[in-house]
Asker: 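Mind looking over this structure? Questions follow.
Since this is a predicted model, take the numbers as computed values, not measurements.
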Amino acid sequence: MTESLFAIIPLFTLIGLGYLARRTILDSSMLPALNLFVYYFAVPALLFNAARRQSLDDLFNAPALAAFVLGIILTATVAILGSRYFFQCKTPTELVMRALNSVFANYAYMGIPLTFSLLGESAATISIILAGNLLVIGGAQLCLEALRQHSMSLQQVWASLDRSLLRSPIFLATVFGLLASGFGLTLPQVMNTTLDMLAPAAIPVALFCLGASLQFRQIQTSLGELGWLIGVKLLVHPTLTYLACYLLGMTDPAWLVASVLLTALPTGALVHVVAMRYALFEQASSQIVVFSTLISILTVSFWVNLML
């Protein structure tokens with residue numbers, strides 16, 4: 001227990017260093033370049049390497065993935081009902097954004113560092129991150145498009161998936177890694193060396209950038225609703241995922257721990273990107289990302305302590 005808690009302290013320390021650097025020595029013009037390096041090079045290299053080293057059979061655990069999806073559905077339902085009946089939000093598209101804030105976790109900048117540090121490059125982490133991006137981000141954008149247009153053609157579905165997933169280097173790197181594993185592809189040594197040099201930079205630089213990106217702004221949305229959605233994300237989501245694993249008989253410890261820890265993470269910044277794209281719940285989404293990240297210092301420690 002103590003060892004697992006000590007393992008996450010350096011992760012939050014790197015976030016803190018990024019926050020301090022942004023306010024002391026780091027020029028704000030440098031941050032976009034660091035983020036681009038993480039998003040387009042370091043994290044994809046890490047995920048590609050991890051995925052291609054896994055057996056495809058190890059990546060598919062039907063009970064675990066079903067429990068993960070059930071946890072998403074139950075949590076989104078709780079968030080929507082709470083926002084509708086307690087905070088009088090009745091616009092369908094706004095409710096979708098609130099659900100998205102409550103179920104999409106910061107897989108890239110916190111999930112990978114946390115689970116890889118505690119569990120190693122596990123198949124469970126790779127599979128859950130792939131499912132999370134495909135189902136949550138892709139599904140939310142499909143819902144928003146359908147609600148706005150009242151119906152969707154196949155071309156519109158494809159366009160939405162293209163914007164949300166098929167241009168995502170993190171999603172594509174994972175898929176290509178799985179293809180390399182499935183076909184037993186061997187890369188030239190120069191490519192292996194390049195990937196092996198890039199991948200270790202992902203965790204520290206991602207956490208540093210996460211801290212440097214934290215910005216506090218005046219809050220216009222109800223504090224009660226912000227607190228509600230943050231509580232749903234950090235406490236309700238992992239709890240319901242754990243219960244779903246129990247109900248579906250998912251007992252594999254690696255998958256159980258990865259499922260709970262990945263759903264216990266704060267809201268991912270990609271939610272704010274979706275909010276800006278559709279001009280919905282923008283300012284509130286940015287602050288949910290910030291404050292859920294800060295509060296997760298306590299809640300993630302709690303879940304790590306509980307699960308390990």
Asker: Determine yes or no for a side-chain-to-main-chain donor-acceptor pair under 3.5 angstrom, with Thr267 supplying the side chain and Asn101 the backbone.
Answerer: yes
Asker: Would you call the rings of Phe87 and Trp228 parallel, tilted or perpendicular, taking 30° and 60° as the class edges?
Answerer: tilted
Asker: Ser122 and Gln54: which non-hydrogen atoms are nearest, and at how many Å?
Answerer: C-NE2, 4.0 Å
Asker: Under 3.5 Å, is there a donor on one side chain and an acceptor on the other for Gln189 and Thr193?
Answerer: yes
Asker: Any side-chain heavy-atom pair from Leu294 and Leu214 closer than 4.5 angstrom?
Answerer: yes
Asker: Within the structure provided, determine whether Pro44 and Leu172 are in side-chain contact (heavy-atom separation under 4.5 Å).
Answerer: no
Asker: State whether the side chain of Ser102 and the backbone N or O of Ala99 hold a donor-acceptor pair below 3.5 Å, judged by distance alone.
Answerer: yes
Asker: So, for Tyr278 and Phe281, is the gap between ring centers shorter than 6.0 Å?
Answerer: no
Asker: What pair of heavy atoms forms the shortest contact from Ala123 to Leu59, and how long is it?
Answerer: O-CD2, 3.4 Å
Asker: What is the minimum heavy-atom distance between Ala108 and Pro113, and which atoms define it?
Answerer: O-CD, 3.7 Å
Asker: Is it true that atom CZ of Phe176 has more than 12 heavy atoms of other residues, nucleotides or ligands lying nearer than 6.0 Å?
Answerer: no
Asker: Does the side chain of His237 reach to within under 4.5 Å of the side chain of Val232, using non-hydrogen atoms?
Answerer: no
Asker: Within the structure provided, determine whether Pro169 and Phe41 are in side-chain contact (heavy-atom separation under 4.5 Å).
Answerer: no
Asker: Please evaluate residues Ser286 and His272 with respect to the criterion side-chain contact (heavy atoms from CB on, under 4.5 Å), reporting the C-alpha separation (whole Å), side-chain torsions for both, the decisive distance (0.1 Å), and the verdict.
Answerer: CA-CA 6 Å; Ser286 71; His272 185 233; 3.6 Å; yes
Asker: To the closest 0.5 Å, what do you measure between CZ (Phe48) and CG (Leu198)?
Answerer: 12.0 Å
Asker: Between the main-chain N or O of Ser292 and the side-chain N or O of Lys233, is there a donor-acceptor pair closer than 3.5 Å?
Answerer: no
Asker: Considering non-hydrogen atoms only, spot the tightest contact between Ser259 and Ile128 and give its length.
Answerer: OG-CD1, 3.3 Å
Asker: Are Leu119 and Leu306 grouped together when hydrophobic residues (ILVMFWY) are joined by side-chain heavy atoms under 4.5 angstrom apart?
Answerer: yes
Asker: Which heavy atom in Ser28 sits nearest to a heavy atom in Pro32, and how many Å separate them?
Answerer: O-CD, 3.3 Å
Asker: Between CG of Asn192 and OG1 of Thr186, what distance do you get to the nearest 0.5 Å?
Answerer: 8.5 Å
Asker: Answer yes if Phe208 and Val289 sit in the same cluster of Ile, Leu, Val, Met, Phe, Trp and Tyr residues linked by side chain heavy atoms under 4.5 Å apart, and no otherwise.
Answerer: no
Asker: How long is the straight-line distance from OH of Tyr109 back to CG of Leu270, given to the nearest 0.5 Å?
Answerer: 10.5 Å
Asker: State, yes or no, whether a side-chain contact exists between Phe60 and Ser127 at a heavy-atom distance under 4.5 Å.
Answerer: no
Asker: How long is the span from the CG atom in Leu47 to the CD atom in Glu121, to the nearest 0.5 Å?
Answerer: 9.0 Å
Asker: For the pair Tyr107 and Phe104, name the ring-plane relationship: parallel under 30°, tilted 30 to 60°, perpendicular over 60°.
Answerer: perpendicular
Asker: Would a 4.5 Å heavy-atom cut-off, applied to side chains only, mark Val96 and Ile80 as touching?
Answerer: no
Asker: Do we get Arg23 above Tyr19's six-membered ring, with its NZ or CZ under 6.0 Å from the centre and within 45° of the axis?
Answerer: yes
Asker: With Leu229 as reference, evaluate Ile288, Val236, Leu234 under the side chain to side chain contact (heavy atoms under 4.5 Å, CB included) test and give the passing residue.
Answerer: Ile288
Asker: As a quick check of understanding, evaluate side-chain contact (heavy atoms from CB on, under 4.5 Å) for Leu46 and Phe116, giving each step before the final call.
Answerer: CA-CA 10 Å; Leu46 181 66; Phe116 277 25; 3.9 Å; yes
Asker: With side-chain contact (heavy atoms from CB on, under 4.5 Å) as the criterion, how do Met97 and Glu282 come out once you've worked through the C-alpha distance, each side chain's angles and the decisive distance to 0.1 Å?
Answerer: CA-CA 9 Å; Met97 281 308 307; Glu282 298 172 66; over 6 Å; no
Asker: Distance from Cys89 atom SG to Glu225 atom CD, nearest 0.5 Å?
Answerer: 6.0 Å
Asker: Judged by atom type as modelled, is there a donor-acceptor pair below 3.5 Å linking the side chain of Thr75 to the main-chain atoms of Gly71?
Answerer: yes
Asker: How far apart are the C-alpha atoms of Leu65 and Trp255, what are their side-chain angles, what is the distance that settles it, and do they pass the side-chain contact (heavy atoms from CB on, under 4.5 Å) test?
Answerer: CA-CA 9 Å; Leu65 292 174; Trp255 281 84; 4.1 Å; yes
Asker: Would you give the length of the straight line joining atom CG of Asn106 to atom CG of Leu207, rounded to the nearest 0.5 angstrom?
Answerer: 9.0 Å
Asker: Quick one: does Ser222's side chain have a donor or acceptor within less than 3.5 Å of a partner on Gly224's backbone?
Answerer: yes
Asker: Would Leu262 end up clustered with Leu298 when hydrophobic side chains under 4.5 Å apart are linked, directly or stepwise?
Answerer: no
Asker: Tell me the closest heavy-atom pair linking Arg22 and Ala212, and the distance in Å.
Answerer: NH1-O, 3.0 Å
Asker: Side-chain heavy atoms nearer than 4.5 Å, only ILVMFWY residues, links allowed to pass through others: does that put Phe291 and Trp303 together?
Answerer: yes
Asker: Counting only heavy atoms not in Met197, do more than 12 sit closer than 6.0 Å to its CE atom?
Answerer: no
Asker: Do Tyr242 and Leu256 have side chains that approach each other closer than 4.5 Å (heavy atoms only, starting at C-beta)?
Answerer: yes
Asker: Is it the case that Tyr40 and Asn35 place a side-chain donor and acceptor less than 3.5 Å from each other?
Answerer: no
Asker: With heavy-atom distances below 4.5 Å as the criterion, would you say the side chains of Leu130 and Leu134 are in contact?
Answerer: no
Asker: Do Val274 and Leu95 share a hydrophobic cluster (ILVMFWY, side-chain heavy atoms under 4.5 Å, transitive)?
Answerer: no
